Amino acid sequence: MGDFNLALVIVAVVVCILVLIFNVYLLVNYQHPDDKNQAYFPKFVVVLGLSVAVISILMLPADVANRQACKHAIYNGACNLTLPMKDLWFAIYILDAFLVFFIIPFAMFYYEGDQDKSVGKRIKSALLWVITTAIVCALVLGILYGLVGKVDFTVRHLSSTTTNFPSTWNFSSSQQCIGSNAHQCSAYLAGASTEKQWTMRTTFPEYVVALATIVGSVLFAIFGGVGIACLPLGLIFSFIRRPKAVITRSQYIKEATELGKKARELKKAADALHQEERSGSKGRKWRKNVKALEKELLQLEEDVKLLEEMYPQGEKAETSWALTVLGYLAKLVLGILGLIVSVAWVAHIIIYLLISPPLSPFLNEVFIKLDSVWGLLGTAAFAFFCFYLLLAVIAGAMMLGLRLVFITIHPMKWGATLMNSFLFNVGLVLLCSISVIQFCATAFGYYAQATAAQEIFGHTLQSLRGIKYLYKYNVFQIAFVVLAGLTFVYYAAFGWRRKKLSGRFQLST
């Protein structure tokens with residue numbers, strides 16, 4: 001067992017180092033050229049936030065492996081010699097909440113501050129916003145923790161009379177206790193009157209994790225439910241809408257002229273909005289026009305990219321077209337595989353979570369059988385399904401951001417992602433990662449049983465006063481499945497079409 005624990009620690013350290021290197025690689029390759037050799041603090045926050053999000057997802061498989069380290073121990077207290085997963089869970093999620101509600105907002109306020117101001121004034125302005133947020137959050141948390149920061153466990157009060165130690169044991173289905181008149185010690189025979197509410201105050205870290213989980217669960221149910229369908233279907237319909245052949249030069253000139261005209265119109269609209277900003281008229285109408293302009297710019301970039309695909313130029317034009325065709329084929333394959341995973345997720349939620357009692361453990365049994373084939377195969381599949389949920393959240397946020405005015409767009413582009421977009425998406429991933437872990441701990445409760453994560457998310461969270469009803473009636477799971485179904489219907493009806501934006505702006509100047 002000691003060797004197993006040592007191996008688990010070594011694997012954990014190596015994985016953390018690899019995650020850090022990978023996140024630095026993402027930052028370097030996705031960052032905008034304007035952010036090179038500057039904005040070092042936001043970059044540090046991005047790398048730290050991504051690392052915390054990925055490690056938090058990997059901690060659930062590690063929790064399962066840590067449980068197995070003392071599974072076959074022959075002496076009491078063997079599990080005390082394994083990794084302190086409960087303390088690690090609290091540490092990672094307190095850091096998660098601190099990043100989401102304080103560090104990332106500070107970095108965004110600082111990065112988006114007026115560049116004409118000095119560094120000191122930008123820091124002061126960002127600190128004022130964060131301190132105000134901290135005071136409000138502290139007051140809300142303190143009041144809620146003082147009033148309803150308790151857990152209500154439903155228990156059975158079992159008791160029996162005392163009797164002399166018997167010389168023989170005569171137990172039967174009707175007599176399961178020692179003594180002829182004692183029945184209250186049997187949980188099976190005890191009546192409903194023996195049920196009691198055992199109330200105790202939860203710890204403050206557990207309460208912070210619980211509230212952060214509720215906030216994340218709302219976003220997860222919306223973005224995840226939409227994304228679980230649009231992630232694979234978006235790839236499949238991208239293949240369906242692909243350019244079928246290379247266009248002629250005359251067609252290219254015509255399309256390029258139209259795009260150039262649209263670009264000039266957007267430039268004029270952007271100048272007008274900038275003039276409004278300088279004049280101080282930044283009202284609701286101005287913000288609506290800014291978001292509309294952002295969507296038009298994204299659509300223009302997609303049109304330009306599609307035109308370049310349809311008319312490759314240069315000495316390697318044929319190679320470029322061949323790579324384009326292969327890219328769309330890869331999207332089709334990934335879309336089909338993703339659709340299988342999405343259907344498996346939705347089916348598992350319905351079979352194991354929404355139907356009581358569950359019809360089947362379903363994916364739980366799959367992971368257990370994979371573990372019997374090779375020790376880490378089931379754990380790897382388990383981690384993949386959790387990561388897929390995070391990808392679905394990001395895909396859902398991008399889809400709704402392109403269609404709903406009140407959601408800010410923060411696209412991630414290779415070599416052209418500004419730090420504020422990086423920070424926003426990292427904050428979204430961090431906030432939803434808490435809910436993803438809670439969701440996976442519940443959905444795969446049979447596979448992840450007796451883990452520290454299930455103790456936190458499966459018992460304390462679902463018994464917390466005022467919150468437990470959301471989990472008792474499966475509110476988030478039902479919302480997830482309903483939104484997934486509606487998104488599937490939407491894509492089946494309209495996904496094959498290419499959306500055309502109106503390009504109209506209600507400018508006051």
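Quick caveat: nothing in here was measured; it's all calculated off a predicted structure.
Applying the side chain to side chain contact (heavy atoms under 4.5 Å, CB included) test between Ile17 and each of Leu20, Val14, Ile21 identifies Ile21 as the sole match.
By the side chain to side chain contact (heavy atoms under 4.5 Å, CB included) test, Val325 pairs with Trp321, Leu329, sequence neighbours left out. Every residue meeting the side-chain hydrogen bond (donor to acceptor under 3.5 Å, both in side chains) condition with Tyr252, not counting sequence neighbours, appears here in chain and number order: Gln313. Contacts of Thr319 classified as side-chain hydrogen bond (donor to acceptor under 3.5 Å, both in side chains), with partners at least two apart in sequence or in another chain: none. Partners of Tyr328 according to the side chain to side chain contact (heavy atoms under 4.5 Å, CB included) rule, which considers only residues two or more places apart in sequence or in another chain, are Ser238, Phe239, Arg242, Pro243, Leu306, Glu309, Thr324, Lys331.
In summary, the side chains of Gln251 and Thr248 do present a donor paired with an acceptor at a separation below 3.5 Å, with no hydrogens or angles considered. Ser433 and Asp96 form a side-chain donor-acceptor contact under 3.5 Å, judged by distance and modelled atom types alone.
More than 12 heavy atoms of other residues, nucleotides or ligands shown are found within 6.0 angstrom of CZ on Phe101. Counting non-hydrogen atoms of neighbouring residues, nucleotides and ligands closer than 6.0 angstrom, the CZ atom of Phe204 exceeds 12 such neighbours. For Phe387, the CZ atom counts as densely surrounded, since its 6.0 Å shell holds more than 12 non-hydrogen atoms of other residues, nucleotides or ligands.
The aromatic rings of Phe422 and Tyr30 sit perpendicular, their planes meeting at an angle over 60°, well past the 30° parallel limit. Under the 30°/60° scheme for interplanar angles, the aromatic rings of Phe102 and Phe98 are found to be tilted.
Separation of atoms CD1 (Ile349) and CD1 (Ile478) is listed at 11.0 Å; rounding is to 0.5 Å. Atom CG of Leu235 sits about 10.5 Å away from atom CD1 of Ile336, to the nearest 0.5 Å.
The minimum heavy-atom distance linking Asn23 with Ser51 is given by the pair ND2-OG, 3.0 Å. For Ala344 against Leu363, the heavy-atom pair with the smallest separation is O-CD1, 4.1 Å. The two residues Leu60 and Cys440 have their closest heavy-atom pair at CD2-CB, 3.8 Å. The two residues Leu99 and Gly49 come nearest to each other via the heavy atoms CD1-CA, 4.1 Å. Here the closest non-hydrogen pair linking Pro42 and Leu423 is O-CD2, 3.9 Å. Between Ile437 and Ile57 the shortest heavy-atom distance is CD1-CA, 3.6 Å.
Judged as a side chain to side chain donor-acceptor pair (under 3.5 Å), the pairs with a partner in residues 341-364 (not counting sequence neighbours) are, in order, Ser342-Tyr388.
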Passes side chain to side chain contact (heavy atoms under 4.5 Å, CB included), Phe367 versus Leu377? Steps please. CA-CA 8 Å; Phe367 298 148; Leu377 195 58; over 6 Å; no
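For Phe439 and Phe480, the ring centers are positioned less than 6.0 Å apart.
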Using a 3.5 Å cut-off and no angle test, enumerate the donor-acceptor pairs between side-chain atoms of residues 224-233 and protein atoms at least two apart in sequence or in another chain.
none

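Not a single donor-acceptor pair under 3.5 Å links the side chain of Asp63 to the backbone N or O of Met59.
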